[in-house]
Amino acid sequence: MNILITGTAGFIGFYTALRFLQEGHSVIGIDNMNSYYDVSLKEARNNILKQHDNYIFYHVDIASYHELSNIFKKHSCDYVVHLAAQAGVRYSLDHPFDYVHSNIVGFMNILECCRHNPVKHLVYASSSSVYGLNSCVPFSVHDNVDHPVSLYAATKKSNELFAHCYSHLYSIPSSGLRFFTVYGPWGRPDMAYFKFTKAILENKPIDVYNFGDMERDFTYIDDIVEGVYRITFKVPQGQPEFDTMHPDPASSSAPFRIYNIGNNKPVQLMYFIEVLEKETGKKANINFLPMQIGDVLATFADIDELTDAVGYRPVTSIEEGLHKFVQWYKEYYKV
């Protein structure tokens, strides 16, 4: 199969592309290599992918419709896995237009390209952030997500709405994946586990918000990729009539679905730090702070829909996952 994957120099995009390549598929990779975080890390990931003969890379911004359209026309793509986006909740507070550029304009371009160059299935990255102020746990795809608390979350919610429109109007099969705090080797330096590890090893303080009273559904990258790979080939079908009793993403009449993809086992932030201390062999110097604007107390994924669809079952514990990350970090940064 020809698989077009956006964001292949990014964390999840890199691992996803690698999985498809290893399974023998041809991957057309796209990334704008922006400087949101260390570009050398992105280049290192991409250089690994370039070792595969079945990988073609384009240094392109998805917000450029002309360039993106030319790639779609040149390559007859069977599936599209759209993972490129401007990430980060806190960064969105000060850089809102970056999110409109990549997450709104860029996603619209992807949809238009899929409309004019039909594909079997569009899989795209949403986020657990869409649940916002939702207090019902675990978070279910049947829950209302009309109250985001960050611009990043709002852009991801809008992606789901745009995708539904295009699925309904143009019969584009699409599946949105709400990722829950993905971590692991080759991860993003702006994520807490990465920043905490760096600071602890350098004997510097770490900022812990809400005085440590938080929990996250940390999901190891290998488990994430397994879910993405499986769902790509699970093409959703539309129903002949809209089910008015269940007007939600799981029962749309369009060939459209939404799934949570997480570990289904939230971890207390302070325990998470304890595991990092054990793996680094150092005590964390903690700077406790109040809750930061745009943040949420807890995330907890109900993964029943994804399990029912493709048998998705995460298997990596937080202890095993952080052990692998710290080992990679020490090797990569020569600590």
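The first residue in the sequence is number 1, and the count goes up from there.
Side-chain contact of H25 with D78: a donor-acceptor pair under 3.5 Å is absent, judged by distance alone. Between S128 and T299, the side chains place no donor N or O within less than 3.5 Å of an acceptor N or O (distance only, hydrogens not considered). There is a side-chain donor-acceptor pair under 3.5 Å between N46 and Y55. Counted by atom type alone, H121 and T232 present zero donor-acceptor pairs between their side chains at under 3.5 Å. No side-chain donor-acceptor contact under 3.5 Å links N144 and Y131. Using modelled atom types and a 3.5 Å distance limit, the side chains of N134 and D143 yield a donor-acceptor pair. Using a 3.5 Å distance cut-off with no hydrogens or angles, the side chains of D217 and N263 do not pair a donor with an acceptor.
At a threshold of 4.5 Å between non-hydrogen side-chain atoms, the residues L4 and V81 do not count as touching. The shortest side-chain heavy-atom distance between P189 and L41 falls under the 4.5 Å cut-off. Taking 4.5 Å as the limit, some side-chain heavy atom of L177 sits within range of a side-chain heavy atom of V123.
Looking at residues two or more places apart in sequence or on another chain, you find no side-chain hydrogen bond (donor to acceptor under 3.5 Å, both in side chains) involving D304. Residues satisfying the salt bridge (Lys or Arg N to Asp or Glu O under 4.0 Å) criterion with E112, sequence neighbours excluded, are R115.
Taking the six-membered ring for Trp and the full ring otherwise, F211 and F288 have centroids separated by 6.0 Å or more. Taking the six-membered ring for Trp and the full ring otherwise, the centers of F20 and H52 sit at least 6.0 Å from each other. For an aromatic pair to be called close, the ring centres must be under 6.0 Å apart, and F325 with Y183 fails this. For F194 and Y329, the distance between ring centers is under 6.0 angstrom.
Ion pair R19/E226 flagged as a salt bridge, since at least one NZ, NE, NH1 or NH2 atom sits closer than 4.0 Å to an Asp/Glu carboxylate oxygen.
Under the 30°/60° scheme for interplanar angles, the aromatic rings of Y36 and Y91 are found to stand perpendicular. Taking the six-membered ring for Trp and thresholds of 30 and 60 degrees, W186 and W328 have ring planes inclined between 30 and 60 degrees apart.
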